[in-house]
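Residues take their numbers from the sequence shown, with the count starting at 1. Atoms within a ligand are numbered from 1 in the order they appear, just like the ligands themselves. Only this structure's heavy atoms are used, side chains among them; waters, hydrogens and symmetry mates stay out.
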Amino acid sequence: MERLIVAIDGPSGVGKSTASRLVASELRIPHIDTGAMYRAIGLAAVRAGISTRDEKGVENLASQVHIEFIPGERGRILLDGEDITPLIRTQEISMAASDVSAIPGVRRILVRLQQEMGRRDGGVLEGRDIGTKVFPETRYKFFLMARPEVRAQRRYRELLAKGQATDLETVLQDTVKRDEQDSTRADSPLSYDHSYTVIDTSDLSIDEVVSRIVGAVRAIGA
Ligand code: DC
């Protein structure tokens with residue numbers, strides 16, 4: 001039987017992760033955070049002292065390390081068997097992930113991994129290119145967006161909650177820079193087309209976002 005694949009794409013700070021996790025739990029399928037995989041490669045490069053813009057070096061590294069994402073109530077990401085989940089949500093690793101995600105060889109490896117996972121068990125996959133590249137054939141595609149200042153505020157609160165010292169202005173600048181980089185890279189830039197349902201989450205609660213997505217999945221599937 002065809003596995004259910006729900007694609008949730010969009011820039012950072014639109015509430016993608018929380019919404020995707022809740023949608024997956026309502027639909028009883030795994031939540032697959034593809035950004036965590038790019039973050040793992042970013043962390044591996046930083047640790048190895050390889051520039052995140054060194055295409056050959058990072059591609060080589062990506063082909064040697066073992067990345068595993070384990071879905072669950074709290075999804076976990078493993079790098080060569082080590083649980084690195086608590087280490088990947090810093091501003092430094094966000095930028096490193098964005099850098100390495102522009103490298104075609106890295107995308108090839110991770111997209112294959114994501115397709116294998118989705119084909120095996122289905123899932124709600126969140127990322128930037130799920131509906132355009134990873135599972136373009138799915139009928140369930142959502143693109144979340146929000147005003148930049150709303151997104152920076154959300155990220156800022158997340159970082160503060162984790163005890164990471166920062167200020168709103170820096171977060172806003174980093175958010176805009178990372179989106180610009182993710183949207184203008186040559187390979188699989190952040191984008192959407194008419195096959196997506198677009199949701200502006202600026203003035204919506206998480207529950208409203210979740211019920212719109214779940215409602216649309218059920219309506220499309222009916
Ligand atoms: O969703 P996130 O912020 O954890 O993603 C980190 C970076 O990884 C993001 O800046 C772009 C990249 N990414 C990507 O290129 N494709 C995906 N499917 C997911 C993330």
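Using 4.0 Å as the threshold, Met37 has no heavy atom nearer than that to any atom of ligand 1. Using 4.0 Å as the threshold, Gln181 has no heavy atom nearer than that to any atom of ligand 1.
Shown in contact with Ser101 at under 4.0 Å from a heavy atom are these atoms of ligand 1, numbered in order with element: 11 (C), 12 (C), 15 (O). Per-residue contacts place Gly127 under 4.0 angstrom from the following atoms of ligand 1 (heavy atoms of the residue considered): 17 (C), 18 (N), 19 (C). Residue Ala97 approaches ligand 1 through these ligand atoms, each under 4.0 Å from one of its heavy atoms: 6 (C), 7 (C).
What you find for Ala36 and Arg89 is that their closest heavy atoms are CB-NH2, 4.1 Å. Among all heavy-atom pairs drawn from Tyr38 and Val100, the shortest one is O-CG2, 3.6 Å. Summarising the geometry of Arg178 relative to Ser12, their closest heavy-atom pair is NH2-CB, 3.4 Å, with the distance given to 0.1 Å.
Thr85 and Asp83 form a side-chain donor-acceptor contact under 3.5 Å, judged by distance and modelled atom types alone. Of the N and O atoms on the side chains of Arg154 and Thr201, at least one donor lies less than 3.5 Å from an acceptor on the other residue.
Using a distance-only test at 3.5 Å, with no hydrogens or angles considered, a donor-acceptor pair links the side chain of Arg185 to the main chain of Ser188. Side-chain atoms of Arg53 do not come within 3.5 Å of backbone N or O of Asp99 as any donor-acceptor pair.
Looking at Glu126 against ligand 1, nothing comes within 4.0 Å, counting heavy atoms. Counting heavy atoms closer than 4.0 Å to ligand 1, residue Arg185 contributes side-chain atoms (C-beta onward) but none from N, CA, C or O.
In this structure, CZ on Arg139 lies 7.0 Å from CD1 on Ile220, to the nearest 0.5 angstrom.
By heavy-atom distance, the residue among Arg89, Arg155, Arg128, Gln114 lying nearest atom 17 (C) of ligand 1 is Arg128. Here atom 10 (O) of ligand 1 lies nearest to Asp182 when heavy atoms of Ile41, Thr34, Asp182, Val111 are compared.
Counting only heavy atoms of the protein, atom 4 (O) of ligand 1 lies nearest to Arg39 NE, 2.6 Å. Nearest to atom 6 (C) of ligand 1 among the protein's heavy atoms is Arg178 NH1, 3.6 Å. Looking at atom 16 (N) of ligand 1, its nearest protein heavy atom turns out to be Arg107 NH2, 3.1 Å. The protein heavy-atom contact nearest to atom 8 (O) of ligand 1 is Tyr38 CB, 3.5 Å.
The closest side-chain heavy-atom distance from Met117 to Arg120 is below 4.5 Å.
At a 3.5 angstrom cut-off on N or O pairs, Asp33 does not count as close to ligand 1. For a threshold of 3.5 Å applied to N or O pairs, the pair formed by Ser94 and ligand 1 contains no separation below that value.
Ring orientation note: the planes of Phe143 and Tyr196 are nearly perpendicular, at an angle over 60° on the 30°/60° scale.
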